[in-house]
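Here's the structure, in structure tokens; my notes come after.
Lettering of chains follows the sequences in order, A, B, ..., and the numbering in each one begins at 1.
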Amino acid sequence: MPELPEVEVVRRGLEQHVLGRHIRDVDLRGHRVARRHPGGASDLADRVRDTQIQSIQRRGKYLWFVLSDGRSGDPSAGGEMGALVVHLGMSGQFRVCEHGMPEPRHTHAVLTFDDGGPSLVFADQRTFGGFAFSELGAHGIPALIAHIAPDPFDPAYDQRGVVRRLVTRNSAIKRGLLDQGLVSGIGNIYADEALWRARVHGERMASTLSKAVLGRILDQAREVMGEALAQGGTSFDALYVNVNGESGYFDLRLRAYGQEGRPCERCGTPIRREHFMNRSSFFCPRCQPPPRSSKAAST
DNA sequence: CTTTTCTCCTGTATGC
DNA sequence: TGCATACAGGAGAAAA
């Protein structure tokens with residue numbers, strides 16, 4: 001499941017392969033890939049066709065291609081700029097495809113270029129990912145995702161502000177970590193890793209934690225994602241690959257996520273799994289004592 | 001307004 | 001072997 005580090009790896013790969021290229025056309029297969037675009041697939045294609053990729057940006061788990069009018073050549077010459085906004089969802093992949101290569105399964109979009117070089121394919125098995133076109137708003141952020149908060153690596157990230165909002169929140173800390181409107185980029189895996197590192201159970205109410213502890217949890221989130229990024233992302237399963245289709249060449253050691261039954265690296269207590277927010281949460285019951293209200297507290 | 005639950009989707013693994 | 005079920009879960013809509 002691509003979270004911030006994995007999306008950043010994809011962004012860098014895209015920078016290497018499609019930055020500066022002129023998009024000749026985009027072939028959208030089916031309606032789902034453009035379901036977040038207000039005008040639908042045909043309008044999206046109209047806006048992306050014949051543009052040039054000026055840059056590739058990311059905030060949290062979203063990435064976007066900044067596009068300028070392909071005919072003007074010079075973006076400063078007045079070509080209106082907009083962005084092709086992409087979310088990979090759970091299984092979205094970008095693949096650079098040379099001519100003659102078999103098309104990947106579950107291909108939902110194909111970008112072709114004026115230079116006649118390799119095309120860019122978006123494939124997505126579970127179809128939670130998608131494309132949308134958006135005007136650029138304040139600070140160069142697409143208007144469509146203006147509600148997404150800065151991620152921990154963004155210069156605009158204000159951790160003290162995040163902590164201030166967390167302490168007034170009547171909700172479990174893990175919900176806060178997963179709230180992309182509060183701090184972006186953290187998904188289920190890195191949330192569990194950050195909580196394990198900070199020795200806090202995810203079902204603890206955020207308002208019952210001190211600002212120092214909340215700050216520590218956020219520090220750990222940034223740290224674990226930074227480590228994953230330094231390794232080139234974390235390969236959770238075969239659904240995550242880079243733009244060349246390579247997978248599993250890096251391996252951040254996960255200490256909590258997916259480690260049910262294995263001894264905690266700190267204290268040896270078997271890692272537990274509980275259901276929380278319609279997903280799995282992994283934690284050490286000794287290092288991360290559950291709150292009394294939690295069902296996990298009973299055993 | 002705040003917070004929680006539901007829904008979208010398909011390949012893989014597991015149980016009977 | 002075949003069929004049913006659980007699971008993976010991001011994000012926005014809908015509900016509470």
Side-chain angles (χ1 to χ4, degrees), chain A residues 1-8 10 29-38 40-41 58-64 85-94 104-109 122-132 134 141-149 151 162 164-195 202-208 221 225 233-241 247-248 254 256-261 272-282 293-295:
Chain A
M1 297 19 100
E3 301 181 25
L4 186 154
E6 294 73 40
V7 177
E8 176 61 17
V10 171
R29 316 273 175 81
H31 69 283
R32 264 192 74 77
V33 69
R35 70 193 182 285
R36 300 264 183 252
H37 182 72
R58 180 191 56 73
R59 166 171 278 196
K61 305 173 201 172
Y62 278 94
L63 57 85
W64 63 92
V85 179
V86 179
H87 198 292
L88 300 178
M90 291 181 62
S91 54
Q93 306 174 349
F94 274 114
R105 294 184 69 186
H106 309 294
T107 290
H108 291 117
F122 179 74
D124 185 8
Q125 177 197 106
R126 294 175 195 167
T127 73
F128 280 14
F131 288 9
S134 172
I141 305 296
L144 196 74
I145 56 168
H147 62 290
I148 300 296
D151 61 62
V162 174
R164 276 198 301 275
R165 290 177 65 187
L166 271 172
V167 288
T168 63
R169 197 165 265 229
N170 229 330
S171 189
I173 177 59
K174 186 168 175 181
R175 285 186 189 277
L177 292 178
L178 295 174
D179 183 346
Q180 306 297 303
L182 187 62
V183 51
S184 66
I186 305 170
N188 198 42
I189 293 161
Y190 292 116
D192 277 4
E193 292 303 303
L195 289 164
E203 291 186 53
R204 297 276 303 277
M205 296 298 280
S207 54
T208 67
M225 290 195 294
T234 297
S235 179
F236 311 113
D237 57 37
L239 290 179
Y240 173 65
V241 297
S247 175
L254 297 175
Y257 183 86
Q259 306 302 306
E260 183 182 19
R272 292 259 305 268
R273 178 169 76 151
E274 297 283 343
H275 291 285
F276 178 64
M277 290 176 70
N278 266 332
R279 63 201 63 192
S280 291
S281 283
F282 299 87
S293 58
S294 164
K295 59 181 181 289

In whole angstroms, the gap separating P of C:dG10 from OH of A:Tyr62 amounts to 12 Å
Atom CG of A:Leu4 and atom C1' of C:dG10 are separated, to the nearest Å, by 14 Å
When rounded to whole Å, the CG to P distance for the pair A:Asp151 and C:dG10 reads 16 Å
From CG of A:Leu182 across to C1' of C:dA11 the rounded distance in Å is 15 Å
B:dT10, OP1 or OP2 - any side-chain N/O from A:Thr127 closer than 4.0 Å? no
A:Met90 atom CE is separated from B:dG11 atom P, nearest whole Å, by 13 Å
Output for pair (A:Met205 CE, A:Arg169 CZ), nearest 0.5 Å, gives 11.0 Å
When rounded to whole Å, the NZ to P distance for the pair A:Lys174 and B:dT4 reads 14 Å
Closer than 4.0 Å, any side-chain N/O of A:Asn188 to the OP1 or OP2 of C:dG9? yes
Going by ring centres under 5.5 Å and near-parallel planes (under 30°), is A:Phe128 stacked on C:dG10? yes
- request: Please determine if A:Arg175 forms a cation-pi arrangement with A:Phe276, meaning its NZ or CZ atom is less than 6.0 Å from the six-membered ring centre and no more than 45° off the ring axis.
  value: yes
When you check the phosphate oxygens OP1 and OP2 of C:dA11, does a side-chain N or O of A:Gln180 lie under 4.0 Å from one of them?
yes
Q) Is the phosphate of C:dC7, meaning OP1 or OP2, less than 4.0 Å from a side-chain N or O of A:His275? A) yes
Rounded to whole Å, the CG-P distance (A:Leu178 to C:dG10) equals 7 Å
Check this one for me: any side-chain N or O of A:His87 less than 4.0 Å away from OP1 or OP2 of C:dG12?
no
- [ ] Check whether any side-chain nitrogen or oxygen of A:Arg175 sits under 4.0 Å from OP1 or OP2 of B:dT5, and answer yes or no.
- [x] yes
Rounded to whole Å, CZ of A:Arg126 lies from P of B:dT12 at a distance of 10 Å
Taking every heavy atom of A:Phe131 against every heavy atom of A:Ala109, the minimum-distance pair comes out as CE2-CB, 3.6 Å
Next item on the list: Mark yes or no for whether A:Arg32, through its side chain, and A:Thr127, through its backbone, hold a donor-acceptor pair below 3.5 Å.
Entry: yes
